[in-house]
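Notes follow once the structure below has been shown.
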Number of protein chains: 2
Amino acid sequence: MASGISLKELAAELKLAPSTVSRALNDSYEISEQTKKKVLSMAEKLNYHPNPFARSLRENKSKAIAVIIPERINTFFAQVIDGIEEITQEHGYHLLVYCTHEDVEKEKKIVNLLLNGRADAIVMSVSSQTSDISHLHKLYERGFPILFFDRICSEIPTTKFITNDYQVTLEATRHLIQQGCKRPAFLMLSEDISITKERHRGFLAALKEAGISHNPEFSKVCCQNEETNIEILKNLLIQENRPDGILASVEKLALACYQAVKKTDLKIPTDLKIISFSNMGIAGLLNPSLTTISQPAFSMGEECARILIKKLTKTNQPALANEVVVIPSKITIRASTMVE
Amino acid sequence: MASGISLKELAAELKLAPSTVSRALNDSYEISEQTKKKVLSMAEKLNYHPNPFARSLRENKSKAIAVIIPERINTFFAQVIDGIEEITQEHGYHLLVYCTHEDVEKEKKIVNLLLNGRADAIVMSVSSQTSDISHLHKLYERGFPILFFDRICSEIPTTKFITNDYQVTLEATRHLIQQGCKRPAFLMLSEDISITKERHRGFLAALKEAGISHNPEFSKVCCQNEETNIEILKNLLIQENRPDGILASVEKLALACYQAVKKTDLKIPTDLKIISFSNMGIAGLLNPSLTTISQPAFSMGEECARILIKKLTKTNQPALANEVVVIPSKITIRASTMVE
DNA sequence: AGAAAATACGCAAACGTTTTCGAAATAATA
DNA sequence: TATTATTTCGAAAACGTTTGCGTATTTTCT
């Protein structure tokens, strides 16, 4: 219905064989310039558009890349996708975007759906619930190109993009300590995922370095529910020996923390300093403005896409290298960690 | 490579004809329960996944829906897509997501790419630059299902989802006036697009109602560049007879306004009250917290999807009705419009 | 028991491409 | 001029489904 004329009809109109027309449109050397021109102009005139599915069926390529993210309402992931699209679009690739909402079961369903070849590759950031990775292993075993970013899956030998999680968290925690924090806390969504581990490691290293003994209660695992998190954090903050600094390993938890603080008598940064991983453009407009660790999300997306495109377009390309590409984050100091 | 066994091979394994296997998998009445079970279990065992392109080619359906938005880093659009995905996923549809970055030329390219049938329908919000709508007309003429939301294109007779732009802006402006604003200003990205016109109309109506004569200079058209907008707004705010209230028709401009105010001696809300269309979850955390007009984005996406699914799955469905569905917005009053 | 109807399955075409192979027609070479 | 290359194109198969039609087998009815 929506699709117009077919190659055969175009060929009939030109009194040529479909094979000739196909070759002409694909600029084959076997076709004379003269007929190429004829074909091109007639194709233009009749508004011919090749059927992508016939082509996909024949070529066994979809010209589509699947992107799987844990949440859509998040500046970081949106920027990464913008970066991916920037590069892939130039090469005629389409983006299938899926959101897991941090749900492993949903992630599995999506991955299984993609097993049929609807996409040529997957770029993903795993859900915070993902500990069983059998679905990802299945992909890998079939030789399906996967590429991870941010929330990577270390067990799958492929290319991964992360930021310098350990190092930048170390520096961020040092900053907290430098600003006078004696009892910093670390907020995370899950203990299992890779970046959490690295960031936590950096956090603990800074404490050790400063000779601060860490209260395990201050390494807080939060959940998906905003309200619950606010409650958890409020309870954390109203206890006797409460934390005086917060390092949120994900943006969502820093915001929950702001909300929790509003329910107490505490003041940021006087009573509590906060620093968080976040790519929000408006961190500077928060009350008080939020000190952030921001990843170069857009270029991370671009880099992912470049590697993928190379793998997909060049022939006889080896499997994606088992390497971790580190792109450093940037700490932007704002009011939430100031000494008053 | 990635795709596994084919229907033919599965049939050979079962010593059945491909047609029988196909019918068994599609639960046809022509096949006995016994063989159906055999086929199902063998398909499971051999990990058979039907090739989506062969199916698409045969059925002339892609099982994909294209979503085109002007920007990804925007809570509203992200929520709408979440809503769309929620419904479409249940019905086995995939989402192709494209971002125009408010660029008409990009919008045209994307639309033209979709002319080949890669998607069964388009759900879109037009770019703020879109005044020439020939590319959209072409889609409509071919009978391609299009559905607009928020930034609709009135000239195309199809289903559109918007909020009560006129009414809610009228009320929002009344609120500004009630809070003491004598010289409110209206901020927009473009004069051409539908929602801007409606919102501006509501704004002007409220002024007229209150007997306030409007300075045309206070209906400010901004651009895409953040820095430029901040400059424009700063200049607007430092002049002698500056506005004392702002209604931003899009979130982006409210944020630019906050940035601009930081470069002046003005204080919100004392010297300047601000209300804005926005779906940011953290409007309450801004400094000061921002009074917002928020659209029910998620359910708007869901509604879009429901109508689309109905059109796509039921046979002999008429074209999408030429109607405008209005889903009311909600005003949440916060500190930025308070009287001190 | 014989005819009619219902059940269960196979054959082959079709969807719109690309590509292998082969075959004319023209050009170059001996 | 006869032979060989080169250029330019066509016929047909293939990708993996679905489906119209035909047919063999079984069931039902008179």
Side-chain angles (χ1 to χ4, degrees), chain A residues 1-40 42-43 46-64 92 115-120 313 315, chain B residues 1-40 42-43 46-64 92 115-120 313 315:
Chain A
M1 170 204 291
S3 70
I5 198 176
S6 81
L7 184 75
K8 279 185 191 171
E9 302 175 271
L10 178 58
E13 197 71 30
L14 285 158
K15 297 192 193 309
L16 285 172
S19 52
T20 306
V21 177
S22 172
R23 275 186 271 250
L25 291 173
N26 291 332
D27 201 32
S28 160
Y29 71 99
E30 297 185 278
I31 305 299
S32 70
E33 288 304 320
Q34 197 182 351
T35 50
K36 271 185 194 173
K37 275 184 189 169
K38 267 192 220 167
V39 171
L40 262 306
M42 183 61 86
L46 298 186
N47 226 298
Y48 169 74
H49 292 271
N51 182 309
F53 303 117
R55 185 175 277 172
S56 287
L57 179 59
R58 174 63 214 231
E59 310 254 271
N60 203 23
K61 286 179 190 170
S62 67
K63 276 281 183 178
L115 234 40
N116 59 13
R118 188 175 277 272
D120 292 336
T313 55
T315 52
Chain B
M1 167 205 290
S3 69
I5 198 176
S6 81
L7 184 76
K8 278 185 193 173
E9 302 175 271
L10 177 58
E13 197 70 31
L14 285 157
K15 298 191 193 310
L16 285 173
S19 52
T20 305
V21 177
S22 171
R23 274 185 268 252
L25 291 172
N26 292 332
D27 200 31
S28 161
Y29 71 99
E30 296 185 280
I31 305 298
S32 70
E33 288 305 319
Q34 197 183 352
T35 51
K36 271 185 193 172
K37 275 184 188 167
K38 267 194 221 166
V39 172
L40 261 309
M42 183 60 86
L46 299 186
N47 226 299
Y48 168 74
H49 291 272
N51 182 310
F53 303 117
R55 186 175 276 173
S56 287
L57 178 59
R58 174 65 214 229
E59 311 254 88
N60 203 23
K61 285 179 191 171
S62 68
K63 276 279 182 178
L115 234 40
N116 59 13
R118 187 176 276 272
D120 292 336
T313 55
T315 51

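Below, read A as the first sequence line, B as the second, and so on, with proteins coming before strands; counting in each chain starts at 1.
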Side chains of [X] and [Y], heavy atoms from C-beta outward: is any pair under 4.5 Å?
X	Y	value
B:K8	B:P18	yes
B:L25	B:L7	yes
A:I31	A:T20	yes

Grab the [atom1]-[atom2] distance between [X] and [N] for me, whole Å please.
X	N	atom1	atom2	result
B:N26	D:dT17	CG	P	11 Å
A:N60	C:dG16	CG	P	20 Å
B:L7	D:dT17	CG	C1'	7 Å
B:H49	D:dT17	NE2	P	12 Å
B:L14	C:dA8	CG	P	17 Å
B:R55	D:dG16	CZ	C1'	10 Å

Residues in salt bridge (Lys or Arg N to Asp or Glu O under 4.0 Å) contact with A:R55, at least two apart in sequence or another chain: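 Checked A:R55 against salt bridge (Lys or Arg N to Asp or Glu O under 4.0 Å); zero matches.
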
Considering every strand and a 4.0 Å limit on heavy-atom distances, what is the contact class for B:S6: base, sugar-phosphate, or nothing?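 If one applies the 4.0 Å heavy-atom cut-off, B:S6 turns out to touch the sugar-phosphate alone, with no base involved.
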
For nucleotides 11-15 of chain C, tabulate all protein N/O to nucleotide N/O atom pairs closer than 3.5 Å, reporting atom names and distance.
| unit_1 | atom_1 | unit_2 | atom_2 | d |
| --- | --- | --- | --- | --- |
| C:dC11 | N4 | B:S19 | OG | 2.9 |
| C:dA14 | N3 | B:R58 | NH1 | 3.2 |

Between B:S22 and D:dT18, is there a contact of a side-chain N or O with OP1 or OP2 at under 4.0 Å?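 Answer is yes, contact under 4.0 Å.
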
Could you pull out all residues at least two apart from A:S6 that satisfy side chain to side chain donor-acceptor pair (under 3.5 Å)?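 For A:S6, the residues satisfying side chain to side chain donor-acceptor pair (under 3.5 Å) (neighbours in sequence not counted) are A:E9.
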
With sequence neighbours excluded, residues passing side chain to side chain donor-acceptor pair (under 3.5 Å) with B:S56: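 Not a single residue meets the side chain to side chain donor-acceptor pair (under 3.5 Å) criterion with B:S56.
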
Within residues 29-39 of chain A, which residues have any heavy atom lying less than 4.0 Å from an atom of DNA chain C?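 By residue number: none to list.
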
Considering only distance and modelled atom types, tabulate donor-acceptor pairs under 3.5 Å from the side chains of residues 33-40 of chain B, sequence neighbours left out.
| unit_1 | atom_1 | unit_2 | atom_2 | d |
| --- | --- | --- | --- | --- |
| B:T35 | OG1 | B:S32 | O | 3.0 |
| B:T35 | OG1 | B:S32 | OG | 3.0 |
| B:K36 | NZ | B:D27 | OD1 | 3.0 |
| B:K36 | NZ | B:S28 | O | 3.0 |

Nearest heavy-atom pair of A:P52 and B:N116: which atoms, and what distance?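 Scanning both residues, the minimum pair turns out to be CD-O, 3.4 Å.
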
By the definition side chain to side chain contact (heavy atoms under 4.5 Å, CB included), identify the one residue from A:L10, A:V21, A:L16, A:I5 that meets it with A:M42.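 Only match with A:M42 under side chain to side chain contact (heavy atoms under 4.5 Å, CB included): A:L10.
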
